[in-house]
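Data first, discussion second: the structure below is written as structure tokens.
FYI, the numbering just counts along the sequence from 1. Keep in mind the model is a prediction, meaning the values are calculated, not measured.
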Amino acid sequence: MRQIEVLDGVRVRFPGRGSEFDLGVEIGAVTALMVLGEPVIERRVSPECVEQLRPLAERFRYRLVANRTGEEAEIALFHASRPPRLQLVQQHKS
């Protein structure tokens, strides 16, 4: 039984439910944040969730970045309306 993050810092468990139910809750929670237009969404989700979120992220104009860490994946979604943060880095000559 996994803990699923539904909001920042709010994690829930669903005893007696299977992995498909957990997957549905994960996808639903992230999708709700995309619908609300959150500029950046960061979560730890199951690897199966990442593949299901890709087409949803594209539909809602988010860029999805995922990194698998063991049995979980860390994801970050960035809304397309948010411009990328560029930073000038000076090169020091020796």
Side-chain angles (χ1 to χ4, degrees):
M1 178 175 36
R2 296 183 47 242
Q3 284 192 355
I4 299 170
E5 187 172 16
V6 291
L7 291 171
D8 288 336
V10 179
R11 298 179 78 76
V12 294
R13 292 179 188 210
F14 297 96
R17 299 292 185 153
S19 61
E20 285 185 18
F21 182 84
D22 290 349
L23 180 62
V25 171
E26 280 182 322
I27 292 169
V30 175
T31 302
L33 294 171
M34 287 190 284
V35 168
L36 291 172
E38 291 292 319
V40 178
I41 302 166
E42 295 177 315
R43 291 281 180 277
R44 286 182 183 229
V45 297
S46 65
E48 297 83 16
C49 185
V50 174
E51 293 312 311
Q52 297 227 1
L53 283 174
R54 285 192 192 284
L56 288 169
E58 185 177 310
R59 170 68 177 92
F60 287 105
R61 297 181 51 222
Y62 280 85
R63 183 170 43 93
L64 173 66
V65 178
N67 182 29
R68 188 167 182 163
T69 57
E71 293 183 16
E72 289 187 318
E74 293 178 357
I75 62 166
L77 293 136
F78 303 95
H79 197 270
S81 67
R82 182 184 173 132
R85 292 183 60 188
L86 301 176
Q87 184 177 4
L88 181 61
V89 179
Q90 294 181 342
Q91 183 178 11
H92 296 283
K93 294 183 179 180
S94 300

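Here the closest heavy-atom approach between residue Cys49 and residue Ile27 is recorded as SG-CG1, 3.6 Å. Thr31 and Leu56 make their closest contact through OG1-CD1, 3.5 Å (heavy atoms, listed as atom of the first residue, atom of the second, distance). Taking each heavy atom of Val50 and Leu64 in turn, the nearest pair found is O-CD2, 3.9 Å.
If you take CE on Met34 and NE2 on His79, they are separated by 9.5 Å, rounding to the nearest 0.5 Å.
Within the structure, ring pair (Phe, Tyr, Trp, His ring centres under 6.0 Å) contacts touching residues 18-52 (residues at least two apart or in different chains) are Phe14-Phe21. Sequence neighbours left out, not one pair with a member in residues 23-58 passes ring pair (Phe, Tyr, Trp, His ring centres under 6.0 Å). Residue pairs satisfying the salt bridge (Lys or Arg N to Asp or Glu O under 4.0 Å) criterion with at least one member in residues 25-42, sequence neighbours excluded, are listed as follows: Arg2-Glu26. Applying the ring pair (Phe, Tyr, Trp, His ring centres under 6.0 Å) rule to pairs touching residues 24-48 yields nothing, sequence neighbours excluded.
Glu58 meets the side chain to side chain contact (heavy atoms under 4.5 Å, CB included) test with no other residue; sequence neighbours excluded. Taking Arg68 as the reference, nothing meets the salt bridge (Lys or Arg N to Asp or Glu O under 4.0 Å) condition, with sequence neighbours excluded. Considering only residues two or more places apart in sequence or on other chains, Phe60 meets the ring pair (Phe, Tyr, Trp, His ring centres under 6.0 Å) condition with none of them. Looking at residues two or more places apart in sequence or on another chain, you find a salt bridge (Lys or Arg N to Asp or Glu O under 4.0 Å) between Glu51 and Arg54.
The shortest distance between side-chain heavy atoms of Leu33 and Arg43 falls below 4.5 Å.
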Report all side-chain donor-acceptor pairs from residues 69-77 shorter than 3.5 Å, counting only partners two or more places apart or in another chain.
residue : atom : partner : partner atom : Å
Thr69   : OG1  : Glu72   : O            : 3.4
Glu74   : OE2  : Arg44   : NH2          : 3.1

